[in-house]
Engineer: 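Please read through the structure below; I'll follow up with questions.
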Amino acid sequence: MLVLVSGGGSALVCAPPDGVTLADKIALNDALIRSGADIRAVNAVRQHVSRLKGGGLARLARPARVLSLIVSDVPDDDVRIVASGPTAPAAATAAEAAEVMDRHGIGRRFREMLRGRGAGEADAFDHVENVVIGSNRLSVDEIAASAARQGVRVVRAHDW
C-alpha cells in the first residue's frame, strides 16, 4: 500500500472505532478543546479514539507492505504526530490518553471510549516504511548546504 501523508491530514480523516459515533467524536473534540489541553495532549486522545490514527491504518493494512511518504509540518519531523500518525505507532499509550482526560476533567462518558484501546499498542510496524520526503527542516538543511557551498556563512536562528 502506498500512503501519502501530509500535515493537517488528520482533519480530513474521521473513522471512529466500533462503538463510537461521529457525534461522540465531535463532542469529545469539543470537550478537549475547551479543556485547555495542549495540542500534544489533545492528539494523544484523538489517536486512541480512531480506527486510522495512531497507526490504525498500518494495522488494518497488515500483512501488506506499507510505504508512507510524508510531508511533515511538525518539529523534529516525528512521523507519529504528522496527520496523527496513520502508519506509525501512537505517540502516547492509551493509558496516557486516559490520564490526559482525567487531568483535564473530560467526563466519564468520553473516558469509556478508551476502554480496550490498549490492545495492539505494542504491534510491530515492521511491514511499514515511513519516509519523510518534505519538511521545513529538510528545506532549511538544503538551503543552508547550498549557501555554504557558495561560500556564504550560514547562521540558523533555530536548530531543527
Side-chain angles (χ1 to χ4, degrees), residues 1-17 22 25-26 28-101 103-104 114 117-118 120-160:
M1 176 189 303
L2 175 63
V3 182
L4 306 177
V5 177
S6 69
S10 64
L12 301 174
V13 178
C14 183
L22 179 57
K25 283 198 69 156
I26 291 169
L28 172 60
N29 188 61
D30 288 346
L32 284 165
I33 299 302
R34 283 193 310 271
S35 76
D38 66 31
I39 190 62
R40 287 192 185 263
V42 169
N43 285 337
V45 174
R46 286 179 179 163
Q47 284 187 329
H48 287 284
V49 185
S50 173
R51 282 193 332 242
L52 301 178
K53 297 170 184 163
L57 181 61
R59 285 187 199 93
L60 290 171
R62 180 172 242 128
R65 290 192 55 219
V66 176
L67 172 60
S68 186
L69 303 179
I70 301 167
V71 177
S72 172
D73 66 337
V74 300
D76 301 323
D77 299 336
D78 187 342
V79 299
R80 300 171 309 157
I81 298 172
V82 179
S84 295
T87 59
T93 65
E96 290 167 328
E99 193 276 325
V100 164
M101 295 172 95
R103 183 172 7 118
H104 292 283
L114 294 175
R117 299 284 183 250
E121 286 182 58
D123 283 354
F125 284 78
D126 58 349
H127 67 296
V128 178
E129 182 178 0
N130 288 304
V131 180
V132 176
I133 60 170
S135 72
N136 188 53
R137 181 187 54 81
L138 292 174
S139 297
V140 170
D141 287 350
E142 189 56 38
I143 291 167
S146 178
R149 283 191 300 272
Q150 296 174 37
V152 176
R153 181 172 171 256
V154 176
V155 177
R156 294 169 86 152
H158 183 280
D159 189 25
W160 298 97

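Hydrogens, waters and symmetry mates are skipped; everything else that's a heavy atom, side chains included, is used.
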Engineer: Quick one: side chain to side chain contact (heavy atoms under 4.5 Å, CB included) partners of Val155, sequence neighbours excluded?
Structural biologist: Arg153
Engineer: Using a 4.5 Å cut-off on heavy atoms from C-beta on, say whether the side chain of Asn29 contacts that of Arg46.
Structural biologist: yes
Engineer: As an exercise, state the distance from NE2 of His104 to CD1 of Ile33, rounded to the nearest 0.5 Å.
Structural biologist: 11.0 Å
Engineer: Kindly compute the distance separating CG (Asp38) from CG (Leu32), expressed to the nearest 0.5 Å.
Structural biologist: 11.0 Å
Engineer: Tell me if a side-chain donor or acceptor on Ser146 pairs with a main-chain N or O of Ile143 at a distance below 3.5 Å.
Structural biologist: no
Engineer: Between Pro86 and Val5, which heavy-atom pair has the shortest distance, and what is it?
Structural biologist: CG-CG2, 4.0 Å
Engineer: So how far is it from Ile81 CD1 to Ser10 OG, rounded to the nearest 0.5 Å?
Structural biologist: 11.5 Å
Engineer: Sequence neighbours excluded, which residues qualify as side chain to side chain contact (heavy atoms under 4.5 Å, CB included) partners of Arg51?
Structural biologist: Ala15, Pro17
Engineer: Once rounded to the nearest 0.5 Å, what's the spacing between atom CE of Met1 and atom OG1 of Thr87?
Structural biologist: 9.5 Å
Engineer: Between Asn43 and Arg40, is the side-chain hydrogen bond (donor to acceptor under 3.5 Å, both in side chains) condition met? List the steps.
Structural biologist: CA-CA 5 Å; Asn43 285 337; Arg40 287 192 185 263; over 6 Å; no
Engineer: Please give me the minimum heavy-atom distance between Ser72 and Val132, naming the atom from each residue.
Structural biologist: CB-CG1, 4.2 Å
Engineer: With a sphere of 6.0 Å drawn around CZ of Arg103, does it hold more than 12 non-hydrogen atoms of other residues, nucleotides or ligands?
Structural biologist: yes
Engineer: Between Val154 and Arg156, is there a side-chain heavy-atom distance shorter than 4.5 Å?
Structural biologist: yes
Engineer: Please answer whether the main-chain N or O of Gly54 pairs with a side-chain N or O of Arg59 as donor and acceptor at a distance below 3.5 Å.
Structural biologist: yes
Engineer: Closer than 3.5 angstrom, by distance alone: can the side chain of His127 be matched with the main-chain N or O of Ala58 as a donor-acceptor pair?
Structural biologist: yes
Engineer: Does Lys25 reach the main-chain N or O of Val49 with its side chain, forming a donor-acceptor pair under 3.5 Å?
Structural biologist: yes
Engineer: Against Arg137, only a single residue in Asp77, Asp73, Asp78 fulfils salt bridge (Lys or Arg N to Asp or Glu O under 4.0 Å); can you say which?
Structural biologist: Asp77
Engineer: Are the side chain of His48 and the backbone N or O of Ala98 linked by a donor-acceptor pair below 3.5 Å?
Structural biologist: no
Engineer: Indicate yes or no for a side-chain donor-acceptor contact from Glu96 to the backbone of Thr93 under 3.5 Å, with no hydrogens or angles considered.
Structural biologist: yes
Engineer: Write down the atom of Gln47, the atom of Arg80, and the distance for their closest heavy-atom approach.
Structural biologist: NE2-O, 2.7 Å
Engineer: For Ala92 versus Ala44, what's the shortest heavy-atom pair and its separation?
Structural biologist: CB-CB, 3.7 Å
Engineer: Do you know the tightest heavy-atom contact between Ser68 and Ile70?
Structural biologist: OG-CG1, 3.7 Å
